[in-house]
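Just so it is clear, the model here is predicted, and its values are computed rather than measured.
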Amino acid sequence: MGPIRFLPLLAVLLPVHSISQEPLFGFEPDSSKAERALEAKFDAAINPQDQRAWLQKLSLRPHHVGSPYGLVNAHTMLGLYRSFGFDAHIETFQVMFPKPKTRVLELLGANGYKAGLAEPVITSDPSSRYANEALPPYNAYSKDGDVTAQLVYVNYGLPKDYEELDKRGISVKGKIVIARYGASWRGVKPKVAAEHGAVGCILFSDPHDDGYGQGDMYPDGPWRNGYSVQRGSVSEMTLYPGDPLTPGIGATANAKRLRLQDAKTITKIPTLPLGAKDALPLIKALTGEVAPADWRGGFPVTYHIGPSKAKVHLKLAFVWKLVEARDVVAKLKGSELPNEWVIRGNHHDGWVCGAEDPLSGQVALLSEAKALGHLVKTGWKPKRTIVYCSWDGEEPGLLGSTEWAEAHADELSQKGVAYINTDSNGRGFFGSEGSPVLRKFITEVAGDVRDPETSLSVLARLRARDLATGAPDAKKRATDKADIELGALGSGSDYSAFIQHLGIPALDFGYGGESTGTQYHSTYDSFTWFTRFIDPTFAYGATLSRTGGRAVLRLADAEKLPFDHHHFADTVADYLKEVVDLTDKERKDAEETNKLLADGTLKAAADPTKHYHLPAKQAEVPKLKFDALTAAVARLKKVVETAEKPGQTPASWNETMRLAERQLLGPGLPGRPWYRHVITAPGEYTGYGAKTLPGIREAIEARKWSLAQSQIQVVADTIDRFSSFLETRLGG
Ligand SMILES: [Zn+2]
């Protein structure tokens with residue numbers, strides 16, 4: 001998965017001379033001088049040519065989970081780690097991974113059409129020749145099915161789109177829906193469609209969002225052509241990620257497995273993705289009401305909602321088998337604190353050849369490992385143990401990382417210091433998400449990494465962009481030279497099990513935004529495409545290595561872990577304010593709707609010739625009691641201020657900081673107990689996007705008031721436990 005962070009940005013020409021240059025380094029104590037010298041040596045050992053050669057080799061042929069070339073790649077990486085001096089092995093899990101056997105999509109009737117469902121060879125791109133080894137376009141964990149029904153267009157297929165349909169009296173019950181990709185994680189779309197009674201779901205890449213509406217199409221330019229399809233998982237990852245048959249435990253050979261029919265993460269309705277060329281005849285076949293303005297995309301036709309007069313036939317069947325996921329795990333043992341682990345990961349499986357997603361990040365990670373190995377060969381030893389992980393099976397649903405984290409849960413809960421993730425990478429700006437406790441740390445790292453195309457640090461470049469074109473809050477942060485914004489972690493890459501299931505602080509970062517174009521999850525995400533359009537010189541691959549490696553070096557060698565909960569305490573206070581405001585807003589909205597209903601305003605405003613369905617009378621929104629949480633958040637702020645100060649001995653500081661985030665694990669979110677972190681989780685209806693204070697916020701959004709009230713207590717208790725932990729360990 002991957003590049004959700006970097007939506008296409010408008011190119012901004014910055015007058016570089018007008019940006020005041022900050023000195024990268026201020027006054028330095030001796031210990032820090034030694035660290036700088038070590039980092040300079042590390043930087044010098046990063047070679048973009050290595051990355052080019054590895055990318056060319058690893059992306060040569062399709063390498064999805066369980067594939068023959070995936071196995072070749074795992075052994076290639078194993079050999080590299082060993083040659084760098086790491087103690088490396090391949091750890092294998094047996095995971096349920098469906099492969100398509102039958103894919104049929106046809107429009108019936110006079111203007112019938114049979115979808116081609118294939119990505120043809122492009123002669124200038126050698127990787128596109130391996131269709132016989134590649135997974136054809138499909139959505140993994142769609143259920144089998146054979147349905148024939150009328151078609152309804154549902155825009156992005158999110159709950160609010162169905163509210164629009166309800167207003168118009170259009171039902172999808174018994175229909176096949178067609179939804180464009182975008183605006184949420186794809187797995188949410190078949191879930192919401194099934195909840196509304198649809199019997200099938202078709203996803204497509206609209207050229208307005210992802211195709212000629214953005215720029216020139218491949219092979220002339222970098223953008224998706226009409227044949228290029230976004231594959232992807234549609235498992236219900238918001239229930240739990242990883243192998244569908246082994247939630248909560250490692251998918252080892254002898255693991256106790258669910259029966260396939262009992263696995264709750266498989267979709268309820270058959271689901272298939274299309275490229276623009278196969279989608280157009282279906283969009284053309286829609287009749288009925290014209291779609292609202294913001295539902296219309298880039299096809300040269302009038303978009304109608306439907307239902308279509310003609311029926312659509314969708315038939316899907318899969319081979320449901322266990323395959324091997326092969327994680328490559330490589331360690332450098334710590335010389336002083338071997339039982340404290342700094343973990344660094346990036347996945348190695350792709351949907352097809354996967355040059356950008358994931359190999360651009362993978363080769364940067366391998367570069368780091370080589371440079372660390374070089375430091376070891378010249379006499380350096382890390383204080384803490386460093387664990388490099390090349391994950392398999394990320395694309396179907398974070399399989400390799402989740403199974404490894406579940407299989408080693410006890411050890412990781414004891415030893416895990418932090419998990420640092422990367423995925424796709426390209427030219428452009430530094431982007432990051434992560435645990436608030438690491439915000440100051442990652443800001444400092446970004447301040448010490450040079451942007452390869454300017455003379456600035458990547459932090460200064462980010463601030464320049466925010467000053468030039470940022471939203472008001474981003475501008476203010478840049479003006480104040482405040483720490484970078486570190487958004488909350490939702491899901492979409494391999495950090496999920498570490499932060500949300502095990503409570504290990506995590507970071508996820510990469511570069512992007514200046515390499516335009518995407519072939520996300522298509523055959524054309526290839527070495528040829530990547531080196532033409534995304535990071536031709538691997539300068540940003542090398543920059544990612546210098547960022548990831550620096551973060552690893554500093555965490556591994558810190559006398560005292562560079563963790564800081566002040567920002568965490570402020571962030572939780574902000575989240576609390578948000579959920580209080582959300583409840584008030586829900587109450588006002590309900591009162592307003594009921595008033596306009598009762599006095600006839602809504603009826604008077606509606607077009608009398610149209611079927612405009614008035615909303616139902618809204619139930620009253622009760623006043624929730626937030627006192628317990630308000631008190632817990634106030635106490636948290638005080639405890640952090642008194643406990644986190646200089647003078648703590650390294651031993652007690654390190655142990656406390658290593659285990660602090662674990663205290664934020666609660667009993668599990670309502671209905672999805674795998675997600676245990678009470679502060680952040682992927683949203684049930686956003687997928688990749690994070691929901692903060694998810695237990696409370698989602699109960700409010702679902703108007704489950706007694707659940708919201710009990711979740712307020714759960715979160716308050718958990719935060720209190722966290723505060724007591726800091727207080728007893730560090731004094732306060
Ligand atoms: Zn990825």
Side-chain angles (χ1 to χ4, degrees), residues 4-26 418 420 422 428-451 453-490 495 499 505-514 540 543-544 547 550-551 554 562-579 581 633 636-637 640-641 644 679-680 688-693:
I4 195 139
R5 238 184 350 244
F6 305 116
L7 298 173
L9 288 172
L10 294 172
V12 178
L13 293 173
L14 291 172
V16 172
H17 59 268
S18 74
I19 298 160
S20 65
Q21 283 194 28
E22 289 173 86
L24 288 181
F25 317 134
I420 300 169
T422 54
F429 296 96
F430 182 63
S432 57
E433 302 165 317
S435 303
V437 68
L438 292 170
R439 188 171 85 153
K440 188 174 273 312
F441 169 71
I442 196 61
T443 303
E444 286 171 5
V445 169
D448 291 338
V449 175
R450 292 254 175 210
D451 176 77
E453 295 179 354
T454 67
S455 58
L456 303 167
S457 73
V458 300
L459 175 63
R461 246 207 118 219
L462 191 62
R463 285 179 176 158
R465 185 196 67 184
D466 287 346
L467 282 172
T469 61
D473 57 331
K475 268 190 186 152
K476 180 167 186 333
R477 256 196 322 276
T479 307
D480 298 347
K481 296 213 158 52
D483 291 340
I484 56 181
E485 187 186 23
L486 192 63
L489 289 165
Y495 50 79
I499 179 68
L507 286 169
D508 179 48
F509 52 71
Y511 291 85
E514 290 183 319
Y540 281 90
T543 305
L544 183 62
T547 316
R550 218 171 223 86
R554 289 183 186 183
F563 287 17
D564 178 348
H565 286 100
H566 288 83
H567 170 63
F568 168 69
D570 291 342
T571 303
V572 175
D574 290 345
Y575 296 158
L576 169 60
K577 185 173 179 321
E578 285 170 20
V579 291
D581 291 351
V633 169
L636 169 69
K637 196 167 167 61
V640 169
E641 264 159 28
E644 294 194 8
I679 307 297
T680 184
Y688 287 170
K691 287 275 176 180
T692 53
L693 305 184

Begin from the C-alpha positions of Y495 and E433 and carry the test side chain to side chain contact (heavy atoms under 4.5 Å, CB included) through to its verdict.
CA-CA 10 Å; Y495 50 79; E433 302 165 317; 4.0 Å; yes

Audit row: R463, V458, side chain to side chain contact (heavy atoms under 4.5 Å, CB included) steps and yes/no
CA-CA 9 Å; R463 285 179 176 158; V458 300; over 6 Å; no

Verdict with supporting geometry, L636 and F568, side chain to side chain contact (heavy atoms under 4.5 Å, CB included)
CA-CA 9 Å; L636 169 69; F568 168 69; 3.9 Å; yes

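The salt bridge (charged side-chain N to carboxylate O under 4.0 Å, His left out) test applied to D581 returns K577, not counting sequence neighbours. Scored by the side-chain contact (heavy atoms from CB on, under 4.5 Å) test, E485 finds R477 as partners (sequence neighbours excluded). Contacts of T692 classified as side-chain contact (heavy atoms from CB on, under 4.5 Å), with partners at least two apart in sequence or in another chain: A488, Y575, E578, R697. Applying the side-chain contact (heavy atoms from CB on, under 4.5 Å) criterion to T547, with sequence neighbours excluded, gives F430, V445, V449, F509, Y511, T543. Listed by chain and residue number, H567 satisfy the side chain to side chain donor-acceptor pair (under 3.5 Å) test with T571 (two or more places apart in sequence, or in another chain). Residues satisfying the ring-ring contact (aromatic ring centres under 6.0 Å, His included) criterion with F441, sequence neighbours excluded, are absent altogether. Here R550 pairs with E39, D43 under the salt bridge (charged side-chain N to carboxylate O under 4.0 Å, His left out) rule; sequence neighbours left out. With sequence neighbours excluded, no residue satisfies side chain to side chain donor-acceptor pair (under 3.5 Å) with S435. Applying the salt bridge (charged side-chain N to carboxylate O under 4.0 Å, His left out) test to D480 and every residue at least two apart in sequence or in another chain returns K476. Annotation: side chain to side chain donor-acceptor pair (under 3.5 Å) contacts of Y540 (sequence neighbours excluded): D451. A search for salt bridge (charged side-chain N to carboxylate O under 4.0 Å, His left out) contacts involving E641 returns K637, not counting sequence neighbours. For E444, there are no side chain to side chain donor-acceptor pair (under 3.5 Å) partners, not counting sequence neighbours.
Scanning all heavy atoms of the two residues, the minimum distance from A478 to D466 falls at CB-CB, 4.0 Å. When every heavy atom of A418 is checked against every heavy atom of L438, the shortest pair comes out as CB-CD1, 4.5 Å. Closest non-hydrogen pair, V640 versus A569, comes out as CG2-CB, 4.4 Å. Contact detail for G470 and A474: the closest heavy-atom pair is CA-CB, 4.3 Å. Across all their heavy atoms, T443 and L459 have their closest contact at O-CD2, 3.7 Å. Taking each heavy atom of L486 and G434 in turn, the nearest pair found is CG-N, 3.4 Å.
Side-chain contact between L489 and D508 is present, with heavy atoms from C-beta onward closer than 4.5 Å.
Taken from CG in D570 to CZ in R439, the straight-line distance is 8.0 Å, to the nearest 0.5 Å. The CG atom of D483 sits 4.5 Å away from the NZ atom of K440 when rounded to the nearest 0.5 Å.
A distance-only check finds no donor-acceptor pair linking the side chain of R461 to the backbone of R450 [under 3.5 Å]. Proximity of a side-chain donor or acceptor of E644 to a complementary backbone N or O of H565 within less than 3.5 Å is detected.
Around atom NZ of K475, more than 12 heavy atoms belonging to other residues, nucleotides or ligands sit under 6.0 Å away.
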